Amino acid sequence: MKKSSSQIVVLYWHRTDLRLHDSPALEAALALKPSVFIPVWTWDPHYVYRARVGPNRWKFLMECQSDLSKSYTKLNAKQKLWVVREAPQTVLPKLWEKWGITHLVFEKDTDAYARERDSAVIQMAEKAGVEVVTRMGRTLFDPDELVRKNGGKPTMSMSQVERAMEKIDGGKPARPVETPQSVPDPWKDDQMNLSDLDHEMADSNPDLNAEHRANEDRQYDEIMGPNKDFGVPTLEEIGIDPSSVQAPHRGGESAALKELSQFIADEEYIATFEKPKTSPAAFEPQSTTLLSPHLHFGSLSVRKFWWDVQDVMERRKKAKKQNAGPPANLPGQLLFRDMYFAAQAAVGAPFARVEGNSVVRFIDWHLQSKLVQSEEKKNKKHRKGTEKGDENILPARDYELDSSEAEEWFQRWKTGRTGFPWIDALMRQLITEGWIHHLGRHSVACFLTRGGCYISWERGAEVFEEYLIDHETACNAGNWMWLSCTAFFAQFYRCYSPIAFGKKWDPNGDLIRRYVPELAKFDKKYIYEPWKAPIADQKKWGCRVTNDDKDTASGKGGPQVYPKPMFDFDERRQFCLDKMKAAYDVGLYGNDKKVLNGEWKELFGEDGNERTDEPEKKKRKTSS
DNA sequence: AATCAGGTTGGTGTC
DNA sequence: CGACACCAACCTGAT
């Protein structure tokens, strides 16, 4: 493609911004007045094979892409979202050569992998003489800016975030920008065609999502897709059986804006919203807005969300109606997201794990991640295709099988067979629908870590990464650290009970009846503790509570069975409390030398029940 | 330096 | 059903 000196050809790279409304980056791209405009999505093998993504999130992503593509076509019949099936690091240089690109524009992303990827891309673009334009747009405030205003340190509390944001533009996020009413043409079809391009096949080994693929995986066979039309991939194309997708949640900017406007119309709901007072057990309708998946994929702008809510609350304030205050209210909830983004932006890749993480407390959990530092060194020679910076991107993490009992508990937690109906209902809701209420996440996360199993939060975070349609690395890791009392939160004596907590919200056990149907007929007296029901009642209600958990919920032929609880919760609660206190006394953090070289073991008791007498250190030293 | 209040959302028991 | 004290006791940040 010949470049004419005056022509402006813009490649707009969609990633975390599957929308047209309130996109500062898209606005900047169109402000260049391009004569040719090509909005692309690069179908990145890193996300496809190295991130954990279950069927529900694939579907949601595809719906976001299809909706955006249709919206482009509505603005310009020649336009769509051009999906290119290759890694951005290899395909973008080919694209700007092939299409004579003069400007590359995208939304800034401070996620650890994104930074690695984007800096590589920017470097290549500059070398090729392609001008790069980026704009912040994913969060209320630029995470890097929040960090700077927080003295360069990760934001570890809401008060820090509030103080930092006060120093930025009067403490309020930017107002949404205009939605474009038109977009320029792409090249003509024959010029867009990439058939002659040298197509680099994706490395599908290891494929962290292999277990979800029922059919052959041919998604990378053709760079423009099987129909050579740059189409949005389908579930079938990526090897997933569409019938395995059960989430009722629909993706796409159109759906997001409609849902938001419905909530905004209910001013009473918006103004009196208080997160701790929303029910984790509610379904149809759910008690919260469920807009988080849209924030993740950028099908809804968080600043539009914030300002629409803010405007309602201002109106109500003038009308002298009582509003709920932050952080429990909706703007406060959105600010929490920014806190996690800014904390991650300051810490980098280790934020999502224990190893090398300066903000996470080290606890002697079961099933800890194996250290990659040493593994990495050992295998370096044998690993081919290891790109620079790969050590910052941690795909499949192996973990220490230090306890077969803990491993069994983990598997039972993961599959919703713990014998605690409240926990099992939530886990099954997570697996089938990809979404559970925030307090439900608290409940199951506390149970897996400091309030039951004493298993590493990293195991839980991986399961959430796989199944949540709203999974966001910064928020997921941040919340897991919060709930496991290893960062952000330290009151480990406040422990969620798998029985009392659910009962408080849902005394009839409706959530359990829906997601653990084998218990549907149990009287509400026993629904949270079915093992206490008399045998005669268990028979009458059609489900035996038994130690044999193998056939749980099979329901084929014989009578239904449900497992007895896998441990005595009160006993485990006390055990965890004692262990947490001991681990806090030891006082190690994820980046301490003794964590990295394994010496931590000497500081914790041998049998896992007691600790050595001398605390390592009482006060934490902050680096310079 | 020592103390105290506050921290998104615990559980239990009483009024 | 809501508000409150108490349980036992972590941290940070302000004074």
Side-chain angles (χ1 to χ4, degrees), chain A residues 150-151 153-164 166 272-282 286-289 292 309 322-340 343 358-363 420 422-423 426 436-447 449-452 475 478-508 528-529 569-589 615 617-622:
Chain A
N150 193 45
K153 290 190 291 245
T155 46
M156 299 307 292
S157 72
M158 277 299 277
S159 57
Q160 286 175 7
V161 176
E162 279 164 339
R163 259 175 285 154
E166 285 304 323
T272 61
F273 184 98
E274 284 179 73
K275 188 56 148 292
K277 291 184 180 169
T278 60
S279 170
Q286 315 260 5
S287 61
T288 51
T289 66
S292 52
V309 166
Q322 196 60 49
N323 290 333
N329 65 9
L330 276 168
Q333 295 295 303
L334 295 176
L335 204 56
F336 264 105
R337 185 168 167 273
D338 267 44
M339 177 180 78
Y340 288 134
S358 59
V359 300
V360 75
R361 271 176 193 284
F362 178 81
I363 308 283
F420 294 95
W422 171 250
I423 300 296
L426 289 164
I436 49 179
H437 185 278
H438 189 68
L439 292 178
R441 301 181 197 195
H442 278 210
S443 221
V444 298
C446 181
F447 184 86
T449 57
R450 66 179 170 88
C475 300
N479 276 320
W480 272 97
M481 287 187 267
W482 185 301
L483 262 298
S484 60
C485 289
T486 52
F488 302 101
F489 185 75
Q491 290 159 265
F492 54 72
Y493 46 89
R494 290 194 176 178
C495 184
Y496 289 84
S497 154
I499 295 149
F501 185 73
K503 247 184 209 171
K504 184 169 78 183
W505 293 102
D506 180 10
N508 191 45
Y528 284 88
E529 300 165 284
F569 173 72
D570 289 332
E571 221 171 76
R572 289 300 303 177
R573 182 181 176 277
Q574 193 55 53
F575 173 86
C576 288
L577 272 172
D578 296 343
K579 292 279 286 178
M580 288 298 287
K581 189 167 163 40
Y584 264 59
D585 282 347
V586 172
L588 291 176
Y589 282 76
K617 52 185 171 182
K618 268 293 181 194
K619 271 192 182 162
R620 173 137 202 260
K621 270 187 281 175
T622 41

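Nothing here was measured: the structure is a model prediction, and the numbers come from that model.
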Student: I need the CZ-P distance between A:R163 and C:dG13, as an integer number of Å.
Tutor: 7 Å
Student: Taking CG from A:D338 and C1' from B:dT8, how many angstroms apart are they, rounded to a whole number?
Tutor: 16 Å
Student: Can you label the angle between the A:F569 ring and the A:F447 ring as parallel, tilted or perpendicular, going by 30° and 60°?
Tutor: parallel
Student: Give the C-alpha distance, both sets of side-chain angles, the deciding distance and a yes or no for side-chain hydrogen bond (donor to acceptor under 3.5 Å, both in side chains) between A:Q574 and A:D578.
Tutor: CA-CA 6 Å; A:Q574 193 55 53; A:D578 296 343; 3.2 Å; yes
Student: Rounded to the nearest Å, what distance is computed from the CZ atom of residue A:R361 to the P atom of nucleotide C:dC11?
Tutor: 6 Å
Student: Given that A:A490 and A:K277 both sit by DNA chain C, which one's nearest nucleotide is further toward the 5' end?
Tutor: A:K277
Student: For residues A:P498 and A:I423, report the shortest heavy-atom separation together with the two atoms involved.
Tutor: CB-CG1, 3.7 Å
Student: Base contacts versus sugar-phosphate-only contacts with protein, heavy atoms under 4.0 Å: please encode nucleotides 10-15 of chain B as B, S and - from 5' to 3'.
Tutor: BSS---
Student: Determine which bases of DNA chain C form Watson-Crick or G-U wobble pairs with both distances under 3.5 Å, and write the result as a 5' to 3' dot-bracket string with | for other-strand partners.
Tutor: .||||||..||||||
Student: Of the nucleotides C:dC10, B:dT9, B:dT8, which one has an atom closest to the side chain of A:L439?
Tutor: B:dT9
Student: Rounded to whole angstrom, note down the C1' distance from C:dA9 over to B:dA5.
Tutor: 15 Å
Student: Distance between the P atoms of C:dC11 and B:dG11, in whole angstroms?
Tutor: 22 Å
Student: Given atom NZ of A:K275 and atom C1' of B:dT8, what is their separation to the nearest angstrom?
Tutor: 9 Å
Student: Which atom names give the shortest non-hydrogen contact between A:Y584 and A:F489, and what distance separates them?
Tutor: OH-O, 3.9 Å
Student: Could you go through the side chain to side chain contact (heavy atoms under 4.5 Å, CB included) check for A:Y493 and A:M580 one step at a time?
Tutor: CA-CA 9 Å; A:Y493 46 89; A:M580 288 298 287; over 6 Å; no
Student: Does A:Q160 make a side-chain N or O approach to OP1 or OP2 of C:dG13 shorter than 4.0 Å?
Tutor: yes
Student: Looking only at heavy atoms, which two atoms of A:M481 and A:V360 are closest? And how far apart?
Tutor: SD-CG2, 3.6 Å
Student: For A:F501 and A:S443, which heavy atoms make the closest approach, and how far apart are they?
Tutor: CD2-OG, 3.6 Å
Student: So, under a plain 3.5 Å distance rule, would you say the side chain of A:Q333 forms a donor-acceptor pair with the base of B:dT8?
Tutor: yes
Student: Using every non-hydrogen atom in the two residues, find where A:W505 and A:P276 come nearest and quote the distance to one decimal.
Tutor: CH2-O, 3.1 Å
Student: Taking the P atom in each of C:dC4 and B:dG6, what is the distance between them to the nearest angstrom?
Tutor: 15 Å
Student: Closest approach of A:R450 and A:C485, non-hydrogen atoms and distance?
Tutor: NE-SG, 3.2 Å
Student: Which is true for A:R441 with a 4.0 Å heavy-atom rule: it touches a base, it touches only sugar-phosphate, or it touches nothing?
Tutor: nothing
Student: CE of A:M339 versus P of B:dT8: gap in Å, rounded?
Tutor: 8 Å
Student: Could you give the CZ-to-C1' distance, from A:F273 to B:dT8, as a whole number of Å?
Tutor: 11 Å
Student: If we count only N and O atoms by modelled type, under 3.5 Å, do the side chains of A:T278 and A:H437 hold a donor and an acceptor together?
Tutor: yes
Student: What is the distance, rounded to the nearest whole Å, between atom CH2 of A:W482 and atom P of C:dT12?
Tutor: 14 Å
Student: Kindly point out which of C:dC11, C:dG13, B:dT8 is positioned nearest to the side chain of A:H438?
Tutor: B:dT8
Student: Just how far, in rounded Å, is C1' of C:dC11 from OH of A:Y584?
Tutor: 7 Å
